[in-house]
Protein chains: 2
Amino acid sequence: MAIAKQYTVNELLRRFQLNVTDSRKKILQLFLNQQEALAHADIEKKAGEKFDRVTVYRTLQTFVEKGLIHSIPTADNSILYALCKDDCTEGHHQDHHIHFVCEQCEKTACLDQVNIPEIKLPLGFKKEKIDVVISGICKACS
Amino acid sequence: MAIAKQYTVNELLRRFQLNVTDSRKKILQLFLNQQEALAHADIEKKAGEKFDRVTVYRTLQTFVEKGLIHSIPTADNSILYALCKDDCTEGHHQDHHIHFVCEQCEKTACLDQVNIPEIKLPLGFKKEKIDVVISGICKACS
DNA sequence: AACACATTGCAACAAAGTTGCAAAAAACAA
DNA sequence: TTGTTTTTTGCAACTTTGTTGCAATGTGTT
Ligand SMILES: [Mn+2]
Ligand SMILES: [Mn+2]
Ligand SMILES: [Zn+2]
Ligand SMILES: [Zn+2]
């Protein structure tokens, strides 16, 4: 199921079989307002004033499980989250795009338009999922 | 500087301008004995019996800085480390290989033989560093 | 409104990572 | 070797991050 920004948070939550609650509305709205990926810390800071820390953890976990957001691996080991834009469903994420980390503005974005090329693995290896994270200078900063 | 396993840990440490100490010898030996990448937790468990937790942190940090080991970004957000095999130097890591995470044996390895293909970014983006992590079933497990 | 069930906040905890500082170890120079 | 300087270590205390159980509250449904 694709996430289109035309839907209200309430509609989106319902579509993903989630009860509509204040914390979920608030946190989902953060993602919809945002182009870039959000660090867990950011979310906690922006949503945590109103909601308990534990609730933020649980909400993000739920969103990942239901296929609303996906996490992005980073070198510095902080967790980043971004809205799923492909056909992610409960249990299986299908993100065939790359992630770009700007070293200047430090923003991380999903580059949906860029496809990941085929990578030939040595004999015997079976590929299941591939994560590509490129760092450098983003369009806005160059 | 390339890391060849023919060198003793003492020689290697000296080559990388590091004083030879018990903890550094022990931890470097762990990497030399090992094919796969090591999780921070593993290292701490294997080396931590003899050395303080803080020393393990500081040693790994030093190794990364000096270009002896590199960290591998993972989806589940645990830090993995592996010996550098390319021409990593102090300050700049040049790992142009991919990392493979086996979903069965859960081992992560550097696939030095596999080159990362060119990825064309949209206009305005400047690529600096690229991380590719592929998960699936490894040779040994298939 | 009443019910069943899901979600939240709180408290208590566990794990992971950081910092300052004195003691110990390594390197260096006589 | 011995003393001196510099680096590294261990300890303690702390912060930050993440987890769990449970009672209270909120949500969806009839
Ligand atoms: Mn993405
Ligand atoms: Mn590697
Ligand atoms: Zn930027
Ligand atoms: Zn395997």
Side-chain angles (χ1 to χ4, degrees), chain A residues 8-31 37-81 90, chain B residues 8-31 37-81 90:
Chain A
T8 63
V9 284
N10 290 53
E11 284 168 338
L12 273 174
L13 288 170
R14 304 267 44 180
R15 275 168 169 267
F16 280 82
Q17 331 235 19
L18 288 169
N19 286 347
V20 176
T21 68
D22 287 353
S23 57
R24 287 175 182 170
K25 282 195 286 184
K26 169 76 179 181
I27 292 177
L28 181 52
Q29 191 62 64
L30 285 180
F31 282 105
L38 289 165
H40 186 114
D42 294 335
I43 301 162
E44 201 178 304
K45 210 165 62 182
K46 287 180 184 167
E49 295 165 6
K50 198 154 180 310
F51 304 102
D52 192 81
R53 225 160 49 83
V54 179
T55 302
V56 176
Y57 277 108
R58 293 199 267 226
T59 303
L60 290 170
Q61 196 179 294
T62 304
F63 282 3
V64 170
E65 279 164 7
K66 292 283 180 175
L68 262 161
I69 63 176
H70 62 281
S71 65
I72 301 169
T74 62
D76 73 326
N77 222 55
S78 63
I79 315 189
L80 294 179
Y81 296 97
E90 189 158 350
Chain B
T8 64
V9 284
N10 291 52
E11 284 168 339
L12 273 173
L13 288 170
R14 307 265 44 174
R15 276 170 167 266
F16 281 82
Q17 330 234 19
L18 288 169
N19 286 345
V20 176
T21 68
D22 286 353
S23 57
R24 287 176 182 168
K25 283 196 287 184
K26 169 76 178 179
I27 292 178
L28 181 52
Q29 191 63 63
L30 285 181
F31 282 105
L38 289 165
H40 186 113
D42 294 335
I43 301 163
E44 203 179 301
K45 209 165 61 182
K46 287 180 184 167
E49 295 165 5
K50 196 151 182 311
F51 304 101
D52 192 80
R53 223 160 51 83
V54 179
T55 301
V56 177
Y57 278 109
R58 292 198 269 225
T59 303
L60 290 171
Q61 196 179 293
T62 304
F63 283 2
V64 170
E65 280 163 6
K66 292 283 180 178
L68 262 161
I69 62 175
H70 61 280
S71 65
I72 301 170
T74 61
D76 75 324
N77 223 57
S78 63
I79 315 189
L80 294 179
Y81 296 97
E90 187 156 352

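What's counted below: heavy atoms across the whole structure, side chains too, no hydrogens, waters or symmetry copies. Protein chains get the first letters and strands the later ones, always in sequence-line order, with residue 1 at the start of each.
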Between CD of B/Glu44 and C1' of D/dT9 the distance, given in whole Å, is 15 Å
Sorted by number, residues from residues 54-62 of chain A placing a heavy atom under 4.0 Å from DNA chain D are A/Val54, A/Tyr57, A/Arg58
Between B/Leu18 and A/Phe51, the residue closer to the 5' end of DNA chain C by nearest nucleotide is A/Phe51
In whole angstroms, the gap separating C1' of D/dG26 from CG of A/Asn10 amounts to 15 Å
Atom CD of B/Glu65 and atom P of D/dT7 are separated, to the nearest Å, by 14 Å
When rounded to whole Å, the CG to C1' distance for the pair A/Asp52 and D/dT25 reads 14 Å
Compare side-chain N and O positions of B/Ser23 against OP1 and OP2 of D/dT9 and report whether any pair is under 4.0 Å apart. yes
TODO: Compare side-chain N and O positions of A/Asn19 against OP1 and OP2 of C/dA6 and report whether any pair is under 4.0 Å apart.
DONE: no
Practice problem: Assign B/Arg24 to base, sugar-phosphate, or nothing according to its heavy-atom contacts below 4.0 angstrom with the strands shown. | Solution: sugar-phosphate
Testing C/dA26, C/dA16, C/dA27 for proximity to the side chain of B/Arg14, the answer is C/dA27
Separation of C/dT7 atom P from A/Phe63 atom CZ, nearest Å, is 11 Å
Of all heavy-atom pairs linking A/Phe63 and A/Arg24, the shortest is CZ-O, 3.7 Å
Between OH of A/Tyr81 and C1' of D/dT17 the distance, given in whole Å, is 12 Å
One should read off an interatomic distance between B/Tyr57 OH and B/His40 NE2, to the nearest 0.5 angstrom, of 4.0 Å
When rounded to whole Å, the NZ to P distance for the pair A/Lys25 and C/dA6 reads 20 Å
In whole angstroms, the gap separating P of C/dA15 from CD1 of B/Ile79 amounts to 17 Å
Only one of B/Asp42, B/Leu68, B/Ile72, B/Leu60 passes side-chain contact (heavy atoms from CB on, under 4.5 Å) with B/Tyr81, and that residue is B/Leu60
- Close side-chain approach of A/Thr59 and A/Lys26, heavy atoms under 4.5 Å: no
Across all chains, not counting sequence neighbours, the side-chain contact (heavy atoms from CB on, under 4.5 Å) partners of B/Lys25 are B/Val9, B/Asn10, B/Leu13, B/Val20, B/Asp22
Assert: residue with more 5' nearest nucleotide on DNA chain C, out of B/Asp22 and B/His40, is B/His40
Closest to the side chain of A/Arg53, out of C/dA26, C/dC10, D/dT17, is D/dT17
Paired with A/Ile43, the side-chain contact (heavy atoms from CB on, under 4.5 Å) test is passed by just one of A/Ile79, A/Ile27, A/Leu80, namely A/Ile27
Check: So, is B/Thr21 close to the D/dT7 phosphate, meaning a side-chain N or O under 4.0 Å from OP1 or OP2?
Finding: no
Here the pair of heavy atoms bringing B/Gln17 nearest to B/Lys66 is O-NZ, 3.9 Å
